[in-house]
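Note that this is a predicted model, so its numbers are computed, not measured.
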Amino acid sequence: MDVFTFEKSYLDRIKEAEEVLSWEGAIMPACKVRSEWRSYVELKIEPAGWQAIWKIPRVICEDLKIRYPTIVYGYVEQVIFEELKAVFVVTAVQDNDVHLPESNEVNLVELWPTVQQENSALNVDYTAECIDRLRFFFTHVWMPWDKDYDDDRDWMQQHLEARIQLICDLSKNRLPRPLALHMRTLLTEARYIQQRLDFLELDLSDAESDDEAVELDENAAEPARKQPKTGSANGSLNVSSRPVTDLMCLHLRMAIIRSEFEILENPEMRRAYSELQASSLKRIRSSSGRTRQMEELLAERTPISHVVSVPGKLQEQLELLKLAQAQVNPEAQVQLSNTLQDVLSICQSNDHILLSPGEHTIKFLEHLNDSGSMSGLIQPENILSPDADLAQLPVVCSSDEDSTLLVIDGDYSLSQLVLDCRHVRRGILLRNGTLTMRGCRLLGDGSSSTQEGIVCLPGASLELKSCIIENFAVGISMRSQSSAELGSVQLKNCKTGLELLDKTASVNLQGSKCRFDSCSLGVLADGFALGDIRTEKTVILNKFSELQRYNEDNLLGNCTFNECTKNIRIFNESEQLLAQRAHQRLLQEELGGENKENIQMA
């Protein structure tokens with residue numbers, strides 16, 4: 001089956017939104033904006049009976065401990081126009097290990113109507129286009145905090161034109177790259193926070209309803225629980241043992257994001273912000289002691305080796321410089337720097353970064369590319385030692401509101417480093433080029449069902465030598481046309497070690513020294529053709545050589561599986577819920593607003 005997709009320009013989409021909001025009253029408060037959309041939806045959407053794909057939100061996937069994105073098939077039993085939601089009945093899932101309630105209350109923007117419908121009398125193409133317009137507006141124009149906007153203020157006058165201008169500037173790459181990435185990161189975080197706020201508030205309201213039920217019927221053996229609107233098979237959605245504290249923290253963070261974004265929404269303030277960033281960059285360069293000659297070298301993009309050291313005793317610093325001496329070309333220019341964040345703000349193509357042992361915290365909104373490198377000043381064997389003390393190793397980590405630790409968009413190399421990904425949703429996003437990693441360790445949080453170690457997008461190439469990836473939901477995720485060469489790599493304590501999301505992804509497990517240790521699933525292969533005689537939706541295999549039979553051209557080498565619950569699982573190509581094109585579109589969608597230069601849309 002396939003879903004409706006609409007390739008439109010931003011100008012067309014903006015005009016569509018303006019048509020819906022053609023309000024003739026004196027002012028249009030925020031509540032009226034939603035009301036206008038409700039009226040539009042009532043006229044355009046079929047009220048019930050149409051089939052659709054539901055892409056389960058990340059916050060629900062995290063609570064249910066399932067992969068993200070997870071896509072299920074079903075039909076709409078009822079559209080709840082007042083709330084822009086629908087009662088969705090699940091009829092098919094790709095993964096039989098995913099257990100969902102049969103009936104779920106979901107947002108309309110999470111649904112993609114399918115082209116094939118059981119009831120041909122339904123006007124499902126109008127329904128699909130209406131939801132597409134709704135999704136664009138509430139993704140790019142409407143902000144999570146707008147629902148709390150004062151009703152006596154004109155939302156249209158205050159925000160619509162500024163938001164439209166912002167969308168155009170972002171889509172046409174008119175903003176400075178750091179500013180554009182910063183704003184997209186804020187929006188991605190705000191939308192996730194809003195999902196979690198809605199989720200926690202629903203959970204608290206369910207708990208309060210249960211308490212009331214107990215008070216009304218103290219003699220009941222076991223009071224009936226209120227069924228959550230979306231939940232797990234047992235109806236429990238307790239996402240935190242401290243929901244009230246979590247709510248306070250999330251509301252505080254949302255208020256901070258709102259305050260900053262509403263300033264940047266104004267074109268004049270964006271210009272001032274960019275000028276302030278430029279001034280800050282000059283101060284960083286000045287404070288790092290750069291001479292006029294060094295500035296000229298930077299302007300000519302002459303490669304520089306940046307040595308970054310945390311505070312330490314003199315003898316320790318001298319020993320670090322000796323280690324750096326062994327890695328740096330004697331003729332190379334060397335710059336001593338205070339923090340990794342400062343270096344990332346000023347480094348150029350082909351620059352090399354050397355890190356001392358210790359924690360290097362960053363909030364980096366650019367990408368790394370063009371033959372540069374980042375290395376730890378430590379003996380390689382210390383990184384991979386099971387008894388290693390993180391405090392004695394070069395560790396790169398990020399603040400907890402970031403979505404991705406590092407973004408690679410070109411050729412780059414990492415060596416002798418620990419990448420602490422416990423506070424991010426994704427360790428490395430490899431957009432393009434070749435990433436080479438030697439003697440590195442990636443650490444996940446060990447509890448999330450959606451956290452990814454390395455994601456390779458179409459056309460990207462990954463080379464890992466003597467690395468450990470542990471405690472992720474997915475260790476390595478390979479998309480279509482991506483490739484990876486793994487030598488002596490250990491994927492450890494992951495829910496899924498290696499994920500092949502397309503049969504065109506190629507993997508070479510050099511020799512037989514790659515290991516999958518204590519993973520729930522070693523290798524997941526999605527969309528492989530199992531042949532006409534195989535009718536199963538999924539097949540479980542024990543050896544990598546058995547998987548190679550289904551894709552000999554793209555799968556080479558061998559590996560071992562130690563104490564994995566399942567070694568290899570294949571999803572049959574003939575049993576896919578979605579056509580390949582639609583599946584790839586939904587798969588890539590969650591990366592659209594994160595660390596991306598501009599939104600690609602015709």
Side-chain angles (χ1 to χ4, degrees), residues 1-8 41 44-62 64 66-80 84-120 122-139 191 195 229-232 449-450 477 479-480 499 501-502 524 526-527 537-538 571-592:
M1 68 189 71
D2 206 342
V3 297
F4 286 91
T5 55
F6 300 90
E7 302 293 340
K8 300 178 182 178
V41 168
K44 296 291 185 178
I45 289 185
E46 293 285 354
W50 43 277
Q51 279 75 41
I53 293 293
W54 176 33
K55 182 181 174 185
I56 303 177
R58 181 185 293 273
V59 65
I60 303 296
C61 290
E62 288 174 345
L64 299 179
I66 59 178
R67 296 167 58 201
Y68 176 82
T70 290
I71 300 166
V72 298
Y73 174 71
Y75 67 91
V76 171
E77 186 177 62
Q78 175 191 357
V79 176
I80 308 172
L84 298 177
K85 293 183 178 181
V87 178
F88 183 77
V89 178
V90 177
T91 59
V93 296
Q94 186 69 37
D95 189 346
N96 288 332
D97 289 343
V98 174
H99 302 289
L100 296 168
E102 181 181 2
S103 181
N104 303 269
E105 189 173 298
V106 306
N107 293 313
L108 283 173
V109 296
E110 298 165 10
L111 298 177
W112 277 260
T114 57
V115 175
Q116 299 294 327
Q117 295 284 322
E118 293 180 3
N119 185 353
S120 58
L122 294 175
N123 199 351
V124 73
D125 51 344
Y126 280 179
T127 295
E129 185 171 9
C130 175
I131 293 178
D132 189 66
R133 292 185 178 189
L134 187 72
R135 183 162 38 241
F136 175 81
F137 180 83
F138 283 98
T139 300
R191 293 188 185 106
Q195 287 183 355
K229 295 181 180 179
T230 305
S232 57
S449 67
T450 66
S477 179
R479 308 297 168 90
S480 64
E499 188 178 64
L501 295 180
D502 192 271
L524 183 148
D526 200 351
K537 179 181 290 187
T538 63
F571 284 101
N572 196 342
E573 182 182 44
S574 63
E575 295 292 334
Q576 294 295 299
L577 280 178
L578 283 174
Q580 189 66 24
R581 178 174 176 273
H583 182 263
Q584 290 297 329
R585 181 181 178 90
L586 295 186
L587 196 62
Q588 300 297 340
E589 190 194 48
E590 81 272 14
L591 301 175

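Here I131 contributes atom CD1 and K44 contributes atom NZ; the two are 13.5 Å apart, rounded to the nearest 0.5 Å. Distance check: Q195 CD to E110 CD gives 7.0 Å after rounding to the nearest 0.5 Å. Note: I71 CD1 to W112 CH2 = 8.5 Å, rounded to the nearest 0.5 Å.
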### Task
For L122 and T127, run side-chain contact (heavy atoms from CB on, under 4.5 Å): C-alpha distance rounded to whole Å, both residues' side-chain angles, the deciding distance at 0.1 Å, then the answer.
CA-CA 9 Å; L122 294 175; T127 295; over 6 Å; no
Practice item. Apply side-chain contact (heavy atoms from CB on, under 4.5 Å) to the pair L64 and S449, showing each step before the final yes or no. Key: CA-CA 8 Å; L64 299 179; S449 67; over 6 Å; no
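Judged by distance alone, the side chains of T114 and Q117 do bring a donor and an acceptor atom under 3.5 Å apart.
Side-chain contact between W50 and L111 is present, with at least one heavy-atom pair separated by less than 4.5 Å. For the pair L108/I45, a side-chain contact is recorded, criterion being any heavy-atom separation below 4.5 Å from C-beta on. Looking at heavy atoms from C-beta onward, L100 lies in side-chain contact with I56 at the 4.5 angstrom threshold. Side-chain contact check for F4 versus D132: every heavy-atom pair is 4.5 Å or farther apart. In this structure the side chain of Y73 reaches within 4.5 angstrom of the side chain of Q51, judged on heavy atoms. With a 4.5 Å cut-off on side-chain heavy atoms, N107 and K85 count as touching. Side-chain contact between F571 and L524 is present, with at least one heavy-atom pair separated by less than 4.5 Å. Inter-residue side-chain proximity for T70 and D95 is flagged as unmet; no heavy-atom pair is nearer than 4.5 Å.
Nearest heavy-atom pair, Y68 versus P57, reported as atom, atom and distance to 0.1 Å: CE1-C, 3.9 Å. When all heavy atoms of V98 and V93 are compared, the closest pair comes out as O-CG2, 4.2 Å. Counting all heavy atoms, side chain and backbone alike, T91 lies closest to G74 at OG1-CA, 3.4 Å. Across all non-hydrogen atoms, the minimal contact from K55 to P69 is CE-CB, 3.6 Å.
With E46 contributing its side chain and N123 its backbone, the two residues share a donor-acceptor pair below 3.5 Å.
For V87, the side chain to side chain contact (heavy atoms under 4.5 Å, CB included) test picks out E77, Q78, I80, S103, with sequence neighbours left out.
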